[in-house]
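Read through the structure below, which is laid out as structure tokens, and then see the notes.
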2 protein chains.
Amino acid sequence: MSQTLSAQLRLRDLILSGELQPGERLSEPSVAERLGASRTPVRAALVRLAEEGLVKAIPSGGFAVNSFAEEEIHDAIELRGTLEGHAARLAAERGAPGGTLAEMRRLLVRMDEATTPPISEDGFTDYVALNAHFHELLVEAAGSAVVARQIGRVVALPFASPSGFVLAQAVLPASQRVLVVAQEHHRAVVEAIEHREAARAEALMREHARLARRNLELVLHDQDSLRLVRGGVLIRRRGWA
Amino acid sequence: MSQTLSAQLRLRDLILSGELQPGERLSEPSVAERLGASRTPVRAALVRLAEEGLVKAIPSGGFAVNSFAEEEIHDAIELRGTLEGHAARLAAERGAPGGTLAEMRRLLVRMDEATTPPISEDGFTDYVALNAHFHELLVEAAGSAVVARQIGRVVALPFASPSGFVLAQAVLPASQRVLVVAQEHHRAVVEAIEHREAARAEALMREHARLARRNLELVLHDQDSLRLVRGGVLIRRRGWA
DNA sequence: GTGACTCAGGCTGTATACAGGTTGCATCAC
DNA sequence: GTGATGCAACCTGTATACAGCCTGAGTCAC
């Protein structure tokens, strides 16, 4: 593995785990020493993380760990809904590959299994992976590299991704009902794409993202569950320091 | 100005003007010599251009000038329509700053003036700048940095931008009718945002982007007008080498 | 006590040297 | 003539040296 990629992955981990605090300046020499690489690959890694959004370029040069206002995450999730709606609409209008749809249906079954009460902790973990895969397949079904790239950029922020709040749901009381609704959305969007119901497919994915918005609000008022959100430490909450 | 920024701008120009051919490999030493800089800033510039999409990373390392299939541009324009529709909807739902809307209305008047027959060549040039500004203000009206950033990324490709095909229209016969329709969209979306008609605002911007899609098809079958599209040389046409 | 100024440390931006890997051409065997 | 092989040139990834700039602490004047 290249030093650049290694630095990128390890830095991302340090940031998302909260080991590097939001606002903290990341000087190239200090990061280089910490990661045991030279400045050149560290700089390249910082540029890529800036593109992802985890790190912000300082006007006078250099980078600092980024933080996110609740409103920004709200907007990012809603934007994901619009983009996934766009993808679902394209898939319905243009027709999706049969293999992709078949695999989406297989995932539906496995997600049902993982979330059959009583749900174990492993069940939630499985669901997170299956859910992420389902959303990837939806993008694939649209058959557009341009759209896939754009969605990939929005989803790069972990709390804007389709699975960002699922693990936190595990400790939230209303979690099971939310999962039932989410699964219904999944099922319905596959059906809509199959039947070439473009408007329905689009509306479903928009509404689907709203579940994440609701989870965001719930999680932000529950310290314990917030800890389960990857990158949750980067969120600036309203009325907090 | 930094060497990196200078290299980025000059490389972009070389690519969009066609001086560097699509598919051509851009080795760091050769580019560095051509631009009179060292490899370090050239590499940084290439990374940024790769993010923009003008340049593509080669799996085994290095970069090459990118090219675009007609379908990709089609998709990029439709995606822009969806994103601008999203912005217009947000502006209508949340309310846009009065100053922004006032300036949009002022631009409407100036665009009308620039396109009053007989339209001079300068008229078209003015219209391009005014139109670009109008679309920027629309994004501003949404009041979301997340959305603004995302739209900025789609619009980075010149032929996906709102003004990508306007200059080419100047030599196309149906140009004036298209401009009339485009202006009607502009006027209507301002009205929709003012009246908080979110669904209407969104639908209008989607339809607005379709004008660019139509122009794309017209331009692709007219060599003369294609030359007026910035970056047109990067477009791979169906059934062409 | 407060504000401006100076200076030192550190940082970024840039250039360049070096090692490992890849590519493509030429040559050789069949 | 064709395919495999070896070599040479080149290129990327990385480390590091150097210059200019910024920042922040400490000091001095008022």
Side-chain angles (χ1 to χ4, degrees), chain A residues 1-15 18-67 149 152 156 234 241, chain B residues 1-15 18-67 149 152 156 234 241:
Chain A
M1 190 194 308
S2 76
Q3 295 279 38
T4 300
L5 186 56
S6 158
Q8 187 183 349
L9 296 178
R10 284 193 286 164
L11 259 181
R12 178 157 50 200
D13 224 56
L14 289 172
I15 292 170
E19 216 159 320
L20 294 169
Q21 299 224 339
E24 185 175 345
R25 181 163 187 176
L26 298 175
S27 84
E28 291 168 19
S30 66
V31 173
E33 191 190 14
R34 181 165 196 159
L35 301 183
S38 78
R39 276 181 58 207
T40 307
V42 165
R43 166 175 275 258
L46 284 168
V47 168
R48 296 195 186 173
L49 290 173
E51 190 188 334
E52 273 181 39
L54 289 184
V55 140
K56 214 174 82 178
I58 298 172
S60 63
F63 299 90
V65 179
N66 210 350
S67 65
R149 185 171 167 175
L234 302 179
Chain B
M1 189 194 308
S2 75
Q3 294 279 40
T4 301
L5 185 57
S6 158
Q8 188 183 350
L9 297 177
R10 283 193 288 163
L11 258 180
R12 178 155 54 201
D13 225 55
L14 288 173
I15 292 170
E19 217 159 321
L20 295 169
Q21 298 224 340
E24 185 175 346
R25 181 163 188 178
L26 298 175
S27 86
E28 292 168 19
S30 66
V31 173
E33 190 189 15
R34 181 165 196 158
L35 300 183
S38 78
R39 276 181 56 206
T40 307
V42 165
R43 166 175 273 259
L46 284 168
V47 168
R48 297 196 185 170
L49 290 174
E51 190 189 336
E52 274 181 39
L54 288 183
V55 141
K56 214 174 83 180
I58 298 172
S60 64
F63 299 90
V65 178
N66 210 349
S67 65
R149 184 172 166 174
L234 303 178

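These numbers come from the heavy atoms of this one structure, side chains and all, not from hydrogens, waters or symmetry mates. Protein chains get the first letters and strands the later ones, always in sequence-line order, with residue 1 at the start of each.
A distance of 5.0 Å separates CZ in A/Arg34 from CG in A/Leu20, rounded to the nearest 0.5 Å.
Using modelled atom types, one side-chain atom of B/Arg10 and one backbone atom of B/Leu35 make a donor-acceptor pair closer than 3.5 Å.
Contacts with DNA chain D (heavy atom under 4.0 Å) in residues 19-33 of chain A: none are found.
C/dT22 atom C1' lies 16 Å from atom CZ of B/Phe63, rounded to whole Å. Protein atom CD1 of B/Ile58 is 8 Å distant from nucleotide atom P of D/dT12, rounded to whole Å.
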Between B/Val47 and A/Glu51, is the side chain to side chain contact (heavy atoms under 4.5 Å, CB included) condition met? List the steps.
CA-CA 11 Å; B/Val47 168; A/Glu51 190 188 334; 5.6 Å; no
Full working for side chain to side chain contact (heavy atoms under 4.5 Å, CB included) between A/Thr40 and B/Thr40
CA-CA 9 Å; A/Thr40 307; B/Thr40 307; over 6 Å; no
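Contact annotation: the side chain of A/Val65 never approaches that of A/Gln21 to less than 4.5 Å [non-hydrogen atoms, C-beta and beyond]. Looking at heavy atoms from C-beta onward, B/Asn66 lies out of side-chain contact with B/Leu49 at the 4.5 angstrom threshold.
What you find for B/Val42 and B/Ala37 is that their closest heavy atoms are CG2-CB, 4.4 Å.
Exactly one residue among A/Leu54, A/Thr4, A/Leu11 makes a side chain to side chain contact (heavy atoms under 4.5 Å, CB included) with A/Arg48. That residue is A/Thr4.
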Between protein and nucleic acid, restricted to nucleotides 14-17 of chain C and to nitrogen or oxygen atoms under 3.5 Å apart, what atom pairs and distances do you find?
residue, atom, partner, partner atom, Å
C/dT14, OP1, B/Gln3, N, 2.5
C/dT14, OP2, B/Thr4, OG1, 2.7
C/dA15, OP1, B/Gln3, NE2, 3.4
C/dA15, OP2, B/Ser38, N, 2.9
C/dA15, OP2, B/Ser38, OG, 2.4
C/dA15, O5', B/Ser38, OG, 3.3
C/dA15, N7, B/Thr40, OG1, 2.7
C/dT16, O4, B/Thr40, OG1, 3.3

